[in-house]
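Because only heavy atoms are used, hydrogens play no part in the values below, and waters and symmetry mates are left out as well, while side chains stay in.
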Amino acid sequence: MNPKTCAESKKKLLELCKIMDSHLGKGDFFELYSCWVGEEAEKRDGEITLRINNFDIDQIEIPEKTLVRFEK
């Protein structure tokens with residue numbers, strides 16, 4: 001991924017977390033799964049769990065076919 005796309009993706013993920021944080025109650029979560037269209041039913045390559053407002057965006061990598069659970 002080129003640096004510009006990477007920076008835009010990080011910004012969008014942080015904004016999504018901000019929006020979802022305002023909708024979720026304590027103990028709630030949302031999940032994000034990134035894959036190509038048609039690959040939804042294929043085996044996942046991994047899973048990650050993060051606190052919705054307590055992670056370092058520059059220290060995480062989210063490869064394709066990885067389920068990310070954001071917990072409040």
Side-chain angles (χ1 to χ4, degrees):
M1 185 180 294
N2 68 53
K4 181 181 177 191
T5 302
C6 185
E8 289 172 357
S9 296
K10 288 178 181 182
K11 183 178 177 181
K12 289 174 184 178
L13 179 59
L14 290 173
E15 186 61 29
L16 174 62
C17 286
K18 182 179 172 182
I19 292 167
M20 293 304 294
D21 190 34
S22 68
H23 291 285
L24 299 175
K26 185 175 176 151
D28 289 341
F29 64 91
F30 77 95
E31 295 177 330
L32 177 68
Y33 183 67
S34 178
C35 66
W36 291 100
V37 173
E39 295 181 344
E40 299 88 356
E42 293 182 14
K43 184 177 183 261
R44 295 179 183 155
D45 290 342
E47 294 184 15
I48 302 170
T49 300
L50 300 170
R51 300 298 299 169
I52 196 168
N53 54 10
N54 189 22
F55 64 92
D56 183 349
I57 192 73
D58 293 318
Q59 296 298 313
I60 62 168
E61 288 187 28
I62 305 174
E64 289 180 23
K65 297 184 183 178
T66 299
L67 177 70
V68 184
R69 179 178 173 130
F70 292 90
E71 299 177 340
K72 184 161 182 175

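With a 4.5 Å cut-off on side-chain heavy atoms, Val68 and Ile60 do not count as touching. Residues Leu50 and Phe29 fail the side-chain proximity criterion, which asks for heavy atoms closer than 4.5 Å.
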Quiz item: Run the side-chain contact (heavy atoms from CB on, under 4.5 Å) check on Glu15 and Lys12 step by step: do they pass?
Solution: CA-CA 5 Å; Glu15 186 61 29; Lys12 289 174 184 178; 5.7 Å; no
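Checked by atom type and distance alone, the side chain of Arg69 never pairs as donor or acceptor with a backbone atom of Ile48 at under 3.5 Å. Under a 3.5 Å cut-off, the side chain of Glu40 and the backbone N or O of Gly38 do form a donor-acceptor pair. Judged by distance alone, the side chain of Lys72 and the main-chain N or O of Ile52 form no donor-acceptor pair under 3.5 Å.
If you take CD on Glu71 and CD on Glu31, they are separated by 9.0 Å, rounding to the nearest 0.5 Å. Annotation: the span from Ile57 atom CD1 to Lys10 atom NZ amounts to 6.5 Å, rounded to 0.5 Å. For the atom pair CD of Glu61 and SG of Cys6, the computed distance is 9.0 Å after rounding to the nearest 0.5 Å. Here the straight-line distance linking atom CG of Asp28 with atom NE2 of His23 works out to 12.5 Å at 0.5 Å rounding.
By the 30° and 60° cut-offs, the orientation of the rings of Phe30 relative to Phe70 is parallel.
The two atoms that bring Glu64 and Asp45 nearest to each other are O-OD2, 3.8 Å, heavy atoms only. The heavy-atom pair separating Tyr33 from Lys43 by the smallest distance is OH-O, 4.5 Å.
Sparse packing is recorded around NZ of Lys11, with 12 or fewer heavy atoms of other residues, nucleotides or ligands lying under 6.0 Å away.
When hydrophobic clusters are built by joining Ile, Leu, Val, Met, Phe, Trp and Tyr residues whose side-chain heavy atoms come closer than 4.5 Å, directly or via intermediates, Leu67 is not grouped with Leu24.
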